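Each chain gets a letter, A, B and so on, in the order its sequence line appears, and its residues count up from 1. All values reported here derive from a predicted model rather than from experimental measurement. Heavy-atom basis, side chains included; hydrogens, waters and symmetry copies ignored.
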2 protein chains.
Amino acid sequence: MKKHVVIVGGGFGGLSAAKKLSRTDFKVTLIDKRNYHLFQPLLYQVATAALSPADIAYPLRSILRGANIEILLGHVNEIHKEEKWLTTLEGSRIDFDYLILSCGSTYTYFNSPQWEKFSPGLKNITQATEIRRKVLLAFEQAERESDPERRNALLTFVVVGGGPTGVELAGALGEIARFSLIRDFHNINPGAANVILIEAGPRVLATMPEDLSNEAVKQLQDLGIDVRTNSRVMEVSDEGIKVGEEFIASHTILWAAGVAAVSINKKLDVDLDKQGRVIVQRDCSLKNHPDIFVIGDQAHYEYGPQNTVLPGLAPVAMQQGRYVAKIIRKGGTPLERDHFQYVDKGQMATVGRSRAVAMYKGIHITGFLAWASWLFVHIYYLIGFKNRISVLFQWAWTYLTFKRGARLIIENESNWVNDQGSEEKHSELTAPPIQ
Amino acid sequence: MKKHVVIVGGGFGGLSAAKKLSRTDFKVTLIDKRNYHLFQPLLYQVATAALSPADIAYPLRSILRGANIEILLGHVNEIHKEEKWLTTLEGSRIDFDYLILSCGSTYTYFNSPQWEKFSPGLKNITQATEIRRKVLLAFEQAERESDPERRNALLTFVVVGGGPTGVELAGALGEIARFSLIRDFHNINPGAANVILIEAGPRVLATMPEDLSNEAVKQLQDLGIDVRTNSRVMEVSDEGIKVGEEFIASHTILWAAGVAAVSINKKLDVDLDKQGRVIVQRDCSLKNHPDIFVIGDQAHYEYGPQNTVLPGLAPVAMQQGRYVAKIIRKGGTPLERDHFQYVDKGQMATVGRSRAVAMYKGIHITGFLAWASWLFVHIYYLIGFKNRISVLFQWAWTYLTFKRGARLIIENESNWVNDQGSEEKHSELTAPPIQ
């Protein structure tokens, strides 16, 4: 009988492993709670109305068509490490010989989960369209607001977290206000919007060299963005955000800080790091469970002479996925396995048009060249011929016209039943934004 | 002081009026609950995963940029006909000299509003993505269902209503099952799905000539769709639908029947027809209120020697919008106004690739030519250069590959707070589909 490899999660890591295991002597099952692979690095472009969700998401069944891999839409519930089987919330029981966990990560609101209500994160499509709605709606509400203080709060956008996502979000918000909306309103000047980027640490893009951090800050400031490092968030409410001792009145606070692991890790009964990631062996397996692997953002992998922890980047997950697939195919005893070798593909972040920073093998690039590389790499790795063309087209259009192609505020709209005169709906629109 | 024209609703009617009134001596305000114009005729393509919402929706502010028209995002609440002012739910009070109401229509579930829960309609983007989710999820659930009876119910899709939307939805569902998904599943054969179209009247596309109705039925049957005319819906539940005496077990029932007017009509205190539409004068105005106009789907307009009521089509709304703008610009007393003259632009409906029916000035067209005309007309009227290119590209892609570009099941996904071990979410996925 064929040995059964079960992969949980169809992100960069899981998908790379699945592809490497397709058409082999293994039976392979991929379990994901979504029916699509999400190209997470471009999610902020959905949140900022440049792309549509379908541009950065591609059905798993289409990607793996003909790969002879079983795909199951479901949520993993319990994992029995010793007996080697797992269950899903949907009621399936699945036995495995090998298990690859690649479930990604989420944001943490530190010890204040109640902040999430006022400050959505950016990890999935629902959150991205919700952020898009919130941002566009703030301009609409400002347009009809006569009180200058409230209008100011509506036109103040705060991004918490100076990692790549936070930098990219803040940059895109700056561009929306300054270019995309500039001529669309009568009573407000969208260009007067304040975009503030808050970072608790001493610099943005902390995983990059200092000169690139400084360059990114310069690029952000060119776009009129107020970058505040060494700033600690003390409180978030529907009225604004308290940073250190200062209160900033803002209607739109976006969260891109603090990485936390997925909840399944706690159920695994293994060693976790401070962020809740699973501490894995040199072959990405669990201690004493050489047939269970954890890869990508979900894993804590120490590497190199200084035992640095590998960052939560797509290349890390992809390389680990391919590596694990290779050692499974190879077979043999765990002792015979080569350790995982990480090949550093560099890092990059974009701030806006012709504004970006990148590093590759010790070379630091900024400005247009970095931005062009960023475009190329992201198009190259985007899955699906159609998505590549579509994204290219929309980027070209946005570049030439300064417009944004997906400027939709989508509410949970009234349906027939609710339309019969009820007035409690559309609370977001109805309620005065800041009281 | 400039006279103030207030337009409610940025659909085909309201937008046509607004454009005709731009850069005139009138102050013009357009109020809509959405920030975008929705190209409703293609909404079924979002519901069937061919297009993304942003392809058929375009920001009102972009369309009317430079038109010198004030745009207000809001919900009209009360209209004071005599005193000529209205209020919005958001708290604005707006005086007007002329009022143009173009608020469209919704579906009616006759006297059974409780059916809506099991059978979503298709009037807005939220509903379209919800239908897309429901349809794609049914295939996923069928894939992991072992009970043949339940699997059958999951693979049975019922569309209620044989108008253009119902015909187009049923046709697209037939194509999804037969072409798009055919090689994507292991345990089920999507091609074996049943698509049933239910029509209470004696024929589908009742507003078209009989030979075209018959041709559409033939085209639907070619796609394997079970077309049932003279069939009355008796009951809809989460287990299926009762049609006449027969019970059809189905997990996916879509509603495209019964037109009802929007709720504001009841507040107007004017004569309404059976469907709740406002009965208007020959100049589209309200009786005794010559400065208040109702146009498009919201209006009941009798026309021609037989006093036929104009159908709820985009060309009717657009012509009425332009007509009303013209008589407002002309001024003069109501008695001097020319009556509205309707120019019949024909009708068309598409069933699938190379399958359509169309009529224009007494000429009946079917098959490829009708389909090509349908494509041309819809691309031509679609607003925005970018949307046209994008839709053209996606159609070409779907035509060549038989794939669908927006096959996303988007749930209200877990966020960090909810991810901490709660299990009551994802009820749709968790619960056995048919109990």
Side-chain angles (χ1 to χ4, degrees), chain A residues 34-36 52-55 57 59 61-62 65-66 70 72-75 89-90 92 106-109 113 116 121 123-127 136 140 144 183-186 260 262-263 266 386 389-390 393-394 397 403 405-413 415-417 419-421 423 426 429-430, chain B residues 33-36 52-55 57 59 61-62 65-66 70 72-75 89-90 92 106-109 113 116 121 124-127 136 140 144 183-186 260 262-263 386 389-390 393-394 397 403 405-413 415-417 419-421 423 426 429-430 432:
Chain A
R34 302 169 179 149
N35 76 326
Y36 52 86
S52 279
D55 293 327
R61 292 193 189 280
S62 293
R65 180 182 281 188
E70 183 125 4
L72 195 69
L73 195 66
H75 301 75
L89 282 183
E90 291 73 27
S92 301
T106 65
Y107 289 115
T108 170
Y109 291 79
E116 186 178 23
K123 275 287 175 187
N124 61 47
I125 285 180
T126 312
Q127 291 171 334
L136 297 174
E140 296 288 344
R144 61 166 189 261
R183 289 188 299 138
D184 281 1
F185 291 84
H186 290 247
V262 287
S263 53
K266 287 188 192 149
K386 183 186 142 288
I389 301 282
S390 175
F393 168 69
Q394 307 210 36
W397 187 80
K403 289 182 188 171
R407 244 174 74 191
L408 310 184
I409 301 173
I410 296 179
E411 308 262 347
N412 219 325
E413 276 188 73
N415 44 31
W416 190 81
V417 176
D419 197 33
Q420 305 303 303
E423 274 156 39
H426 303 289
L429 266 170
T430 311
Chain B
K33 58 181 179 179
R34 302 168 180 150
N35 77 324
Y36 52 86
S52 279
D55 293 327
R61 292 194 190 279
S62 290
R65 181 182 279 189
E70 182 124 6
L72 195 69
L73 195 66
H75 301 76
L89 283 183
E90 291 74 26
S92 301
T106 65
Y107 289 115
T108 171
Y109 290 78
E116 186 179 22
N124 60 48
I125 285 180
T126 311
Q127 291 170 333
L136 296 175
E140 296 288 343
R144 61 166 189 261
R183 291 189 298 139
D184 280 2
F185 290 85
H186 289 248
V262 286
S263 54
K386 183 186 142 289
I389 302 280
S390 174
F393 168 68
Q394 309 212 33
W397 187 79
K403 288 182 189 170
R407 245 173 74 192
L408 311 184
I409 301 173
I410 297 179
E411 307 262 347
N412 221 325
E413 275 186 73
N415 43 31
W416 190 81
V417 176
D419 199 33
Q420 306 303 305
E423 273 156 40
H426 303 289
L429 267 173
T430 311

**Student:** Taking side-chain contact (heavy atoms from CB on, under 4.5 Å) as the definition, give me every residue that meets it alongside A:S390, ordered by chain and number, with sequence neighbours left out.
**Tutor:**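 By the side-chain contact (heavy atoms from CB on, under 4.5 Å) rule, A:S390 matches A:D55, A:Q394, B:F393.
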
**Student:** With sequence neighbours left out, write down each residue that passes side-chain contact (heavy atoms from CB on, under 4.5 Å) with A:A54, or none if nothing qualifies.
**Tutor:**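 B:S52, B:A406, B:L408.
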
**Student:** Is there a side-chain contact between B:E140 and A:R61 in this structure, where contact means two heavy atoms from C-beta onward sitting under 4.5 Å apart?
**Tutor:**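 Heavy-atom side-chain distance check passes, below 4.5 Å.
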
**Student:** Minimum heavy-atom separation for B:L73 to A:R144, with atom names?
**Tutor:**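 It is O-NH1, 2.6 Å.
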
**Student:** Can you tell me which of B:R65, B:H186, B:R183 forms the most heavy-atom pairs within a distance under 4.5 Å of chain A?
**Tutor:**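 Option with the greatest count: B:R65.
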
